[in-house]
> 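Can you read through this structure? Questions will come right after.
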Amino acid sequence: MDSDDEFDDKFAADAARVESNAALTTSSNQQAAGQIQAAYQTLLFVVRKYAGATPTQVLLNCAALGVQLNDRQEAEKCYNFLLKKDPNNYQVLWLRATLFANQPEEYIKHLNIISQKFPRDTTAKFNRAILKLREQDYKSALSDLNDVLSVEPGNAAALGHLGLIYMQLGQFHEAEQKLQHSIKMQPNPSYQDALKVVAEVNVLDKNLKDGTFQAELDVLKLKKDWKGVVEFLDRYLARFMGNDMLWCQKGQALGELDDFVGAFHCLSRAITINKNSEAVSLMKKLQDRHELLQTKKFEDDKKELKKLQQLKEEEVANLKKQNGIDLLEQSLKIAKDKREGIKQKLKATNNLFDPSRRLKYLASGQMHVISVGSASTKSRIASLLKVDPAALLSVDVAAHGDVDRQTLTIDELVSDGVKLPQPRPLIVGHKLK
């Protein structure tokens, strides 16, 4: 570089420094007067003019005002200019990262950069662990939190969040240890609430393993206190939703209470968790029992229809004599409407009593149906739903050849392509922060 070039560069740097100092003074006065937008534009003019040659303080102040005015794009440019001057500036790396605090994917990228440049930095790893925790990426969150604790063994927040993760993983003894340690280091209401949940779960878990649960359940069953059985099981299911045995037992109890919808729901949950669950045989028994009840109801409806059909012949005269013509016509209209309703119901039910067209089971108002590919099957199901949604539970489908899995809902009659949501393996009743 010759002397003329050196002189030009020095002159440009001096000019940038003089103009920047003037801009800083003007901007400061404008801020003091409450003219934030004007102060920002004063600094932004200098940044756009000198770009990477802009002095550090101007870039920092301009970025700060850009954040305040929600012009994050210009703020990021300022931080990038600063990082070209000093790529390892910890403060600027963090300032740039915080621009993306509400954009998890981008925020994680910047936290990764900080962690790579500063391997012992615990703040970036802790924040990344929180984001991974919200995404239920427990493995990554555990790794980051353990890294934090390797540098700061007494980090109460890291210990507490480890406890929350172990709760979600069903490792309640480990959860209890971490939460107790965290609270001992620094009391925290959230961790204290979580510890109460863990203590309750550990008691319930102990009861399941040492026979206390089964003994209490057997007493309720001997008393035929099926409502008591359901309430008892709900206590455990609130903490162990992934336990197919509990769902199985609840389904059996609801069946005893003739709550077939609830029973099929519980047994379906059990089968979803464990396809070899006892719920498979219980489901068949429950279907048979419900079909018997439905058959009896079917026969009762036929008798009622027959009685109504005889009304005109046997009772018209008496009705006319006792109530007069107006009341007679009203009574006949009511009888006729009722008769037509029963006829429709019987017709639809008769269609579905064909043993090769029978429903298998439902869960929470939704039904898994094995379809033999016949359009008439759907129309029959839809007809029955319109007049008697409960009759859906009456039967089981015999499939012939290849089958397609369908889903029915009572509200939509027949809806293709909807699948039951898979249950989470464990929900302990504590919301992660």
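Position 1 is the first residue of the sequence, and the numbers go up from there. Basis for what follows: all heavy atoms, side chains included, without hydrogens, waters or symmetry-related copies.
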> Quick one, D218 with Q214, criterion side-chain hydrogen bond (donor to acceptor under 3.5 Å, both in side chains). Give me CA distance, side-chain angles, the key distance, then yes/no.
CA-CA 6 Å; D218 289 343; Q214 193 60 52; 3.0 Å; yes
> Taking the side chain as every heavy atom from C-beta outward, state whether M241 and R269 have any atom pair closer than 4.5 Å.
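Heavy-atom side-chain distance check passes, below 4.5 Å.
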> Which residue, D121, D144, D147, forms the salt bridge (Lys or Arg N to Asp or Glu O under 4.0 Å) with R128?
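Only one option passes, and that is D144.
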> Do C78 and V58 make a side-chain contact, defined as non-hydrogen atoms from C-beta onward lying under 4.5 Å apart?
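With C-beta onward as the side chain, the pair stays apart.
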> Does any part of the side chain of L162, heavy atoms only, come nearer than 4.5 Å to the side chain of L179, both counted from C-beta?
no
> Below 4.5 Å, heavy atoms only, C-beta onward: do Q180 and L195 meet side chain to side chain?
yes
> So F118 and Y90, would you call those rings parallel, tilted or perpendicular, with 30° and 60° as cut-offs?
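Perpendicular, since the angle between the ring planes exceeds 60°.
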> Quick check against the 3.5 Å criterion: does S182 have a side-chain atom that pairs as donor or acceptor with the backbone of K178?
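No.
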> Would you confirm whether T25, through its side chain, and N21, through its main-chain N or O, come within 3.5 Å as a donor-acceptor pair?
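Yes, T25 side chain to N21 backbone: donor-acceptor pair under 3.5 Å.
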> When you measure from the side chain of T54 to the backbone of A51, do you find a donor-acceptor pair of N or O atoms at a distance under 3.5 Å?
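Pair found, side chain donor or acceptor close to backbone of A51.
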> Side chain of K284, backbone of A279: donor and acceptor closer than 3.5 Å?
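Side chain of K284 to backbone of A279, a donor-acceptor pair under 3.5 Å: no, none is there.
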> To the nearest 0.5 angstrom, please state how far the CD atom of Q249 sits from the CZ atom of F232.
9.5 Å
> Going from CZ on F260 to CG on L267, what distance comes out if it is rounded to the nearest 0.5 angstrom?
11.5 Å
> Where do A129 and A141 come nearest, in terms of heavy atoms and distance?
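Taking every non-hydrogen atom into account, O-CB, 3.6 Å.
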> Classify the side-chain pair N102/Y107 by whether it contains a donor and acceptor separated by less than 3.5 Å.
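No, no side-chain donor-acceptor pair sits under 3.5 Å.
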> Can we say K224 and E256 salt-bridge, meaning some charged N sits less than 4.0 Å from an Asp/Glu carboxylate O?
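No salt bridge links K224 with E256.
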> Got more than 12 heavy atoms from elsewhere within 6.0 Å of NZ, K227?
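For K227, atom NZ is not crowded (no more than 12 foreign heavy atoms under 6.0 Å).
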> State, yes or no, whether a side-chain contact exists between D86 and V92 at a heavy-atom distance under 4.5 Å.
no
> Walk me through whether N112 and Q116 qualify under side-chain hydrogen bond (donor to acceptor under 3.5 Å, both in side chains).
CA-CA 6 Å; N112 290 341; Q116 289 167 4; over 6 Å; no
> Is there a side-chain contact between L43 and L59 (heavy atoms, below 4.5 Å)?
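Counting from C-beta outward, L43 and L59 never come under 4.5 Å.
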> Say you draw a straight line from CG of L204 to CG of L246; how long is it, rounded to the nearest 0.5 Å?
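Result: 9.5 Å between the selected atoms.
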> Would you call E19 and K49 a salt bridge, using N to O less than 4.0 angstrom?
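Counted as a salt bridge, because a side-chain N and a carboxylate O are separated by less than 4.0 Å.
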> Apply side-chain hydrogen bond (donor to acceptor under 3.5 Å, both in side chains) to D137 and S140, showing your working.
CA-CA 6 Å; D137 182 356; S140 297; 2.8 Å; yes
> Could you tell me whether E76 and R96 have a side-chain N and a carboxylate O separated by less than 4.0 Å?
no
> Hydrogens and angles aside, do Y191 and H161 bring a side-chain donor and acceptor to less than 3.5 Å of each other?
yes
> Could you walk me through whether F213 and Y236 pass the ring-ring contact (aromatic ring centres under 6.0 Å, His included) test, one step at a time?
CA-CA 9 Å; F213 163 83; Y236 283 83; 4.9 Å; yes
> For the CD1 atom of I165 and the NZ atom of K132, what is their distance to the nearest 0.5 Å?
12.0 Å
> Are the charged groups of K209 and D205 less than 4.0 angstrom apart, N to O?
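The answer is yes: the pair qualifies as a salt bridge.
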> Please round to the nearest 0.5 Å and tell me the distance separating atom CG of L149 and atom NE2 of H181.
8.5 Å
> Please round to the nearest 0.5 Å and tell me the distance separating atom CG of N243 and atom CG of N274.
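Here the rounded value is 10.0 Å.
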